[in-house]
Amino acid sequence: MSDTKHQTNSFIHQIVRKDVGDRENAKSVVTRFPPEPNGYLHIGHAKSMCLNFGIAREFDGVCFLRFDDTNPCKEDEHYVASIKADVEWMGFSYGNHLTHASDYFDQLYEWAIELIKNGKAYVCSLSAEDIRASRGTLKTAGQNSPYRERAIEENMDLFERMRGGEFANGSHVLRAKIDMASPNMNLRDPTLYRIRHQNHQNTGNRWCVYPMYDFTHPLSDAIEGVTHSLCTLEFEDHRPLYDWILNNVSVPCQPQQIEFSRLSLDYTVMSKRLLTSLVENQCVAGWDDPRMPTLSGMRRRGYRPESIRTFCDRVGITKKEQKIELSALEACVREDLEQIAVRRMGVIKPLKVVIENYSADDCEELTVPNHPGNPKMGNRIINFSNEIWIDSDDFMEHPSKNFFRLSPGREVRLRYAYYITCIRAIKNDSGEITELRCRYDPESRGGGTKDNRKVRGTLHWVSAKHALSAVVRLYGPLFTTPDPIGETKGDFMKFVNADSLKTMQNAKLETSIEETIIGDAFQLERIGYFCLDSKSSSENLVLNQTVALRDSKRD
RNA sequence: UGGGGUGUAGCCAAGUGGUAAGGCACCGGAUUUUGAUUCCGGCAUUCCCAGGUUCGAAUCCUGGCACCCCAGCCA
């Protein structure tokens, strides 16, 4: 992990550097990555992970992985497992710094009592609707709750009975006593605890009152000794409340909250709610569908954590909203795979080619490099025979001006094999080309000739009698518009791209793909980078296209 | 004049009073047995706008404008 060179100079890094440098005995840096276990992690979370774990590493501190599990109605153990797997896959280690907000429920409860005893919190018995109605609006002050001046003893009694399970959901809440006229809505006596008769994935049935995020987060940070609590911009308005909690409870230290902007990517959505609806409406096959911006989806698609880290590093950390073009991500993926992916040949839309002057009884083995730019990656053997497949896109009966692949009368090179010249195209009754008849030049074995004559096009190919059959999945953007939220004013389903998955049922691959392990990246030359799908098997080969090669063809 | 933020190229982003880094994208050109890769070159007389301060302003001041967030017993 040495690919963080842009992020290291973000405004947050500068703050941290200054804070650490200012101290005589430089206090160590502590950060935390606090996902709520109510969904899968996506690339926006990756940005936060890179920041939090990256800062900890750079300043020789620690980063906690803390599950922010304060709402048992939405959370599930199943998500905890997937989040841990994703964090580890990204290459970040939390060691024994794996915690839950729910680990601190006892301490939090005590601190709530401390607030009550100091007259800074009260039990409010208004209904949710009445609380909303009395909160005021953005431009007008709210009204004090009639329960605001309850006696401390009464508050203590009620709160203990709330915890004891005497009351129904929604009948009472604990509120901070701050200022119902504050221009900051978060300070208008925010709710601290609510009653939820609900089993919790971590604490079981021990509790029926659960603390709110605004109460839990600063205190969990303080308990863990977090020095820099890094969160996204929408929490900026919460910072005064974050600080109020820390200033009014006897905490061991004073963490500092700093906000940065969320990441968004063109042609996709990043909110858990919208991703969930894509899954539920079966627009995709699941959270790990390779079209999803989730880490599990990207992993299944063949992205490696290296590229995601490079990407996060390149976009940087700022307070300006990021709307990143897909090409920026894809460039990172290609850059990574270009180095490490072995080369193979495969044909996605097969067109039969019969080489008339090559004996049908003959067959030869050609030794070819796994990576033409890196001899250390070794060689493999491919088979050549008189019948081969080429991609139908590589033939044009009436070539356009810039087309320099195969067409009648033209000579091209079969990569690593021979030069062939097309004699004629055979068509079926409906006029579709079904087969090409060609002749090869025996002098061109390996793909070159002594006379050094120029051959403009080089084609990938697969020997028909040796080919493996496979299903190849090609992926396009999930949406037809770069900004499905902004553009559609809510009805983003209308812009789901019906063509985002193209399944090529009859692909032909060279046999060495059989040795490929699921998850291993390879390049199908002239097409793109691929990997075997997690559900692929040797009887039923399924390839996922990770990303296409750049293509500057101008036909 | 509710409050809180943000404006540097098509998309990101450095820049912190001394004369606009870098990446992606795009456009040229070289090399190439992948129309890939690689390599070279081009791409903001100007930083949301208008005034002001200064020898000098993207950076400081004043006044505008645009966009984002906030009225969960969600996080």
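In what follows, every chain begins at residue 1, and chains take the letters A, B, ... in the order their sequences are listed.
Distances shown here put every side-chain N or O of A/N186 at or beyond 4.0 Å from the OP1 or OP2 atom of B/G3. Considering only side-chain N and O atoms, A/R194 lies under 4.0 angstrom from the phosphate OP1 or OP2 of B/A75. For A/Q322 and B/U6, the shortest distance from a side-chain N or O to OP1 or OP2 is not below 4.0 Å. One finds no side-chain N or O of A/K320 lying less than 4.0 angstrom from the OP1 or OP2 phosphate oxygen of B/U6. Remark: A/R132 is in phosphate contact with B/G72, judged by side-chain N or O atoms under 4.0 Å from OP1 or OP2.
Ring pair A/F159/A/Y109 is parallel by interplanar angle, where below 30° counts as parallel and above 60° as perpendicular. Using the six-membered ring where Trp is involved, A/F522 and A/F530 have ring planes that are parallel, under 30° apart on the 30 and 60° scheme.
At a cut-off of 3.5 angstrom, the base of B/A36 holds no donor-acceptor pair with the side chain of A/H460. Put simply, the side chain of A/E259 and the base of B/G5 share no donor and acceptor less than 3.5 Å apart. With hydrogens and angles ignored, no donor-acceptor pair under 3.5 angstrom links the side chain of A/R550 to the base of B/U37. Applying the 3.5 Å distance criterion, the base of B/U6 shares no donor-acceptor pair with the side chain of A/E236. Under 3.5 Å, the side chain of A/R405 and the base of B/G35 form at least one donor-acceptor pair of N or O atoms.
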**Message:** Under the criterion side-chain contact (heavy atoms from CB on, under 4.5 Å), I'd like the reasoning laid out for A/C422 against A/F395: C-alpha separation, chi angles, the key distance, then a yes or no.
**Reply:** CA-CA 10 Å; A/C422 180; A/F395 177 80; 3.9 Å; yes
**Message:** Between A/I178 and A/L241, does the side-chain contact (heavy atoms from CB on, under 4.5 Å) criterion hold? Intermediate values first, please.
**Reply:** CA-CA 9 Å; A/I178 307 181; A/L241 177 52; 3.8 Å; yes
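Separating the C1' atom of B/A44 from that of B/C11 is a span of 15 Å, rounded to the nearest Å. Rounded to whole Å, the separation between the P atoms of B/G7 and B/C74 comes to 33 Å. Taking atom C1' in both B/U6 and B/C12, the straight-line distance is 15 Å, to the nearest Å. B/G17 and B/U53 have their C1' atoms separated by 12 Å, given to the nearest Å. Across the C1' atoms, B/C60 and B/G15 are found 16 Å apart, a figure rounded to whole Å. Remark: the separation of the P atoms in B/A20 and B/U54 is 23 Å, to the nearest Å. One C1' atom belongs to B/U59, the other to B/U16, and the distance between them is 7 Å to the nearest Å.
Pair assignment for B/G56: none, as no Watson-Crick or G-U wobble contacts are both less than 3.5 Å. Base pairing annotation: B/A21 forms no Watson-Crick or G-U wobble pair, as no partner gives both donor-acceptor distances under 3.5 Å. Pairing for B/U45 is absent, with no Watson-Crick or G-U wobble pair whose two atom distances lie under 3.5 Å. Across all strands shown, B/C67 pairs with B/G5; the Watson-Crick or G-U wobble distances both stay below 3.5 Å.
Of the residues in residues 210-223 of chain A, those with a non-hydrogen atom less than 4.0 angstrom from any atom of RNA chain B are A/M212, A/Y213.
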Write out a two-atom table: protein N or O, nucleotide N or O from nucleotides 65-69 of chain B, distance below 3.5 Å.
| residue | atom | partner | partner atom | Å |
| --- | --- | --- | --- | --- |
| B/C68 | O4' | A/E321 | OE2 | 3.3 |
| B/C68 | O2' | A/E321 | OE2 | 2.8 |

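The nucleotide whose nearest atom lies closest to any side-chain atom of A/N71 is, among B/A25, B/C74, B/U34, B/C74. Distance from the side chain of A/V173 is smallest to B/C73 among B/G35, B/U8, B/C73. Side-chain proximity of A/K323 to B/G23, B/C12, B/G35: nearest is B/C12.
Within the structure, side-chain hydrogen bond (donor to acceptor under 3.5 Å, both in side chains) contacts touching residues 134-143 of chain A (residues at least two apart or in different chains) are A/T137-A/T140.
Here the side chain of A/Q257 pairs no donor or acceptor atom with the backbone of A/P218 at under 3.5 angstrom.
Counted within 6.0 Å of CZ on A/R150, heavy atoms from surrounding residues, nucleotides or ligands total more than 12; the atom is thus considered enclosed.
The interatomic distance linking A/M180 (CE) with B/G2 (P) rounds to 20 Å, in whole Å. Rounded to whole Å, the distance from OH on A/Y193 to P on B/A75 is 12 Å.
Considering all non-hydrogen atoms of both residues, A/V269 and A/F492 come closest at CG1-CD1, 4.1 Å. Minimum heavy-atom separation, A/L192 to A/R175: CD2-C, 3.9 Å.
Taking OH of A/Y213 as the start and OG of A/S220 as the end, the distance is 10.0 Å to the nearest 0.5 Å.
Of the N and O atoms on the side chains of A/S102 and A/D69, at least one donor lies less than 3.5 Å from an acceptor on the other residue.
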